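Report on the following structure.
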Protein chains: 2
Amino acid sequence: MNRKATALDVAKRAGVSRSAVSLVLNGRGDGNVAKESQDRIRQAAQELNYSPNAIALSLRNQRSRVIGILSDEVVVSPFDGNIIGGADDVARSRGFVTVVMDTERDTARDASAIETLLDRQVDGLMYVTVGLKPIEVPQGMLRVPSVLANCYDAHPEPQLHHVIPDEVTGGREATDHLLQMGHTDIALLAGSSDSPAAPLRVQGYRDAFATAGLNASEGRIHMAGWDIDAGYHGAMKLLDGVSPSDRPTAIMCANDRLAVGVALAAARLGLNVPTDLSIMGYDDETRIADTMVPALTTMALPLREMGRAAMTTLLDALEGADRAGAETTKETMVPCRLVVRESTGPVPTR
Amino acid sequence: MNRKATALDVAKRAGVSRSAVSLVLNGRGDGNVAKESQDRIRQAAQELNYSPNAIALSLRNQRSRVIGILSDEVVVSPFDGNIIGGADDVARSRGFVTVVMDTERDTARDASAIETLLDRQVDGLMYVTVGLKPIEVPQGMLRVPSVLANCYDAHPEPQLHHVIPDEVTGGREATDHLLQMGHTDIALLAGSSDSPAAPLRVQGYRDAFATAGLNASEGRIHMAGWDIDAGYHGAMKLLDGVSPSDRPTAIMCANDRLAVGVALAAARLGLNVPTDLSIMGYDDETRIADTMVPALTTMALPLREMGRAAMTTLLDALEGADRAGAETTKETMVPCRLVVRESTGPVPTR
DNA sequence: TTGAAAGCGCTACCAT
DNA sequence: ATGGTAGCGCTTTCAA
C-alpha cells in the first residue's frame, strides 16, 4: 500500500530531469536525450517498477484511452456477454481499455452512469443491451463519439451508429434449412412481440416460404414467449393428441430455451428428435444449444462479431476525427450463422 | 462535443473565486461564503450543468471513489452476474462507483488489468469468478484494499478476505429436503472434481445421510460433469432398463443444467416428475430453474448476497482504515437457500 | 468573507 | 542535449 514511483523518482534515480524521463519513456528520446542517459532512465524505471499515473495523464492530455461501456443488463443477465468480449478484444488490440457499468435495466440510471463515465474522461461510449431493442439515447452520449450495440435509436432521426444482427435473414435461413430437408409444415414458436427481434424473425420465416413458392400457414405462427415453459406448452398444444398427419414435422423456435421446452414435450410424448420431429433453435446459447440431447441445430447470434464491429466503428471515428465526415452509414447489420447439429433431420416419410 | 463547464466557469458566472465555488459545492459554504454568493454559485452551477471533473478530483485527492472489479469471465459467461450486481448495489449506496474488467479466463491478463485499474487510482479491488475456485492472487491486489468473491487465495497463508457460498451446508440441506420427503435412495450427479464446489456438495450429501442415521451409498455418487448432456446420460444410466425397485427415487444434481438433462431423460423414459422421480437442482439459475417443466426445486446460490457482502467488507476496510486491525476474520460464508418448486415430491409408494 | 497560491503527476514548450 | 516551467481542474491553506 506504499505509494507508487513517479516520474520524478525515476528522474532522481537516473540523475536527470523529469522531462528527460518523459521523453525517453514515450519513445521521443532519440535526438533529444543522450544515449547513455536513456539507458539509465530506462533502467531506473524498470527498477522502480514505474508506470505512469493514468489519472495525471488523462488530466494532462484530455484523453484517457478508455472506452466506457454501458450495459442495460448484459453483465448481470446470462445473455449476450460476448458482445462485450468482442468489443474488448478490439479495444485492447488498439491500445484502449474498456470499463463496464451495468444499470440492471434501470434506465433512470443511464444518465448518471454516463455522467460518471464522462467525468472520468472516457474517450468514447458504447451502449449495449441484452436482446435487440430500441432505446432512448441518453443525452450525454452525444458529447463523445458513441456507438450502439444490439440496440438502436428509437428516434426518427438517429444520431448514432448502431450494430445489430440481421434477424430477417437469420429467420429466413433457419427456415430454409428446414425447407431444404423437405419440411413444409413448420410451426414457429415466435417469442413475443415485446422484442423487435420476434417480428423480424417471423418476417424471415415468411420470406423463406415465399421464396420457395410455398404458403407459410399463418396459423402455425405462435407468439409464445421466450422461456422453457412457453416452449413446452406451445409444443404440447401443437403435438399432444394430434394425429401424426396433422402434426407439424418441424418446430422452429425463436430461441434455444423454447427449443429445450419443445424437446422436453417431444420426449414426454414419445416423439423422437429428429426422426419424428425436427427442432430448430435460435441464439446458439452457450452450454445450452451445444449440450442439449440431441444437440440443437440453431441460428447463432453473432455476438462477438457485433461487439467487434461496434468497437471498430467507434475507434475509427475516434482516431480518424481529422478526416471528417468519413462516416456516412449509420447501421451495421451482422449476419447470423446457421449451426447444424442433431436436432434437425429430413422430414419423416409417412 | 463541446467542453464541459469547469469550476472556473462557474466562478466567473457567479462573480466569485474558484475557491468559493469549491467550498459551496462541497457543503462547506456556511460560515465561509456569504449566503447570497452561495445562491449565485449554486445557480450558476445549475445553469452551466456543472459537475466536477472526476479526473482532476482523483489527482488532487489521491482517491477516486471507484472500485475496480476484476472478473475472470463473469461478464462474458452466462453465470454469476448477480455477484457483480450485488457488489454494485452496495457500492452505489455508499457513494462509490464500480468499473468492471473481464479477462475472459486469461489469467495472464490479470496483472495488466490490475495495473490499469491501479494506474487509474481505484480505491479498492474485487476479484470475482464464475464458480467457486482457488486463485493465485495477483500481486497488485495487495497494493490497495481488496477482496475476493466466489474465489479464495490458493496459498497457505491467505492475505485477502474472501466471500464464498457455504456449499457443504447447501449440499446437506438439499439432501435433507429429499430425506424429509421419505427418499432414501438418492443418486447424486456431482459435477466434476475440477471445481472445489463438487466435493463440498458431496460432503454435505454425506453429512445429511450421517445425521439421519442412514448410510449414503457411495455407489450412488457419480462425477458427471456440469452440462445437460452429462445429466441426461447420467440419468439414463441410473434409470434406463432398471427395474423400478432398483431405481433411485430421487436424483440430486450439482447444478440446474444437469437437472434439465435428468428431466429430459425421465421424460423419454415415461417417468413422471415428481411422482415417479424427484429431481433436485442446484444454483437456481435464472430462467432455467424457474421456467423448467416442472419448475425445479433447487438450492439457490446466494450470488447477490455474496456480492453485497464482499463489497461491504471492502468498503468497511476502506473507510475504517483509521480504526485499524478491526478486520480479523478472513472468510465470509454465505448460506445457500432452498427453493422448493415442483420437481420434488414424496417418495413413491411401491 | 474572499481571493491568491500551491500542488496532485504528467507532458510540451521554452530557454539554456 | 538538458532542465525549468506552465498548466490540465480541482481543493485546501493562508493572507488580506
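Keep in mind that this is a model prediction, so the values were computed, not measured. Every chain is numbered from 1, with letters handed out A, B, ... down the list of sequences.
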Considering residues at least two apart in sequence or located in another chain, which fulfil the salt bridge (Lys or Arg N to Asp or Glu O under 4.0 Å) criterion with B/R18?
none
Would you check if there is a donor-acceptor pair between the side chains of A/Q38 and A/D30 at a distance under 3.5 Å?
yes
By the salt bridge (Lys or Arg N to Asp or Glu O under 4.0 Å) test, which pairs, at least two apart or in different chains, include something from residues 73-91 of chain A?
A/E73-A/R105, A/D88-A/R92, A/D88-B/R109, A/D89-A/R92, A/D89-A/R304, A/D89-A/R308
Between B/R120 and A/I55, which heavy-atom pair has the shortest distance, and what is it?
O-CD1, 3.6 Å
Degree of bending in the helix from C/dT1-D/dA16 to C/dT16-D/dA1 once both end axes are built from five pairs, to 10°
60°
All N/O contacts under 3.5 Å from nucleotides 14-16 of chain D to the protein, with atom names and distances to one decimal?
none

All side-chain contact (heavy atoms from CB on, under 4.5 Å) counterparts of A/A20, not counting sequence neighbours
A/V16, A/S17, A/V33, A/I41
Output all residues satisfying salt bridge (Lys or Arg N to Asp or Glu O under 4.0 Å) with B/K12, sequence neighbours left out; order by chain, then residue number.
none
Using a cut-off of 4.0 Å between protein heavy atoms and nucleotide atoms, how would you tag nucleotides 10-16 of chain C 5' to 3' with B, S and -?
BBB----
Residues B/D72 and B/Y127: side-chain donor-acceptor under 3.5 angstrom:
no
Listed by chain and number, what are the side-chain contact (heavy atoms from CB on, under 4.5 Å) partners of A/A7, not counting sequence neighbours?
A/V21, A/Y50
Could you list the residues that satisfy side-chain contact (heavy atoms from CB on, under 4.5 Å) with B/E331, not counting sequence neighbours?
B/H162, B/I164, B/M333
Contact list for DNA chain C against residues 114-122 of chain A - heavy-atom distance below 4.0 Å
none
Residues in salt bridge (Lys or Arg N to Asp or Glu O under 4.0 Å) contact with A/D119, at least two apart in sequence or another chain
B/K4
Checking side-chain contact (heavy atoms from CB on, under 4.5 Å) between A/L125 and each of A/L118, A/V147, A/L70, which is the one that passes?
A/L118
Pick base, sugar-phosphate or nothing for A/A34, based on heavy-atom distances below 4.0 Å to the nucleic acid.
sugar-phosphate
side-chain contact (heavy atoms from CB on, under 4.5 Å) partners for B/R13, two or more places apart
B/A44, B/E47, B/L48
Look at all strands and tell whether B/S37 reaches a base, only sugar-phosphate, or nothing, counting heavy atoms closer than 4.0 Å.
sugar-phosphate
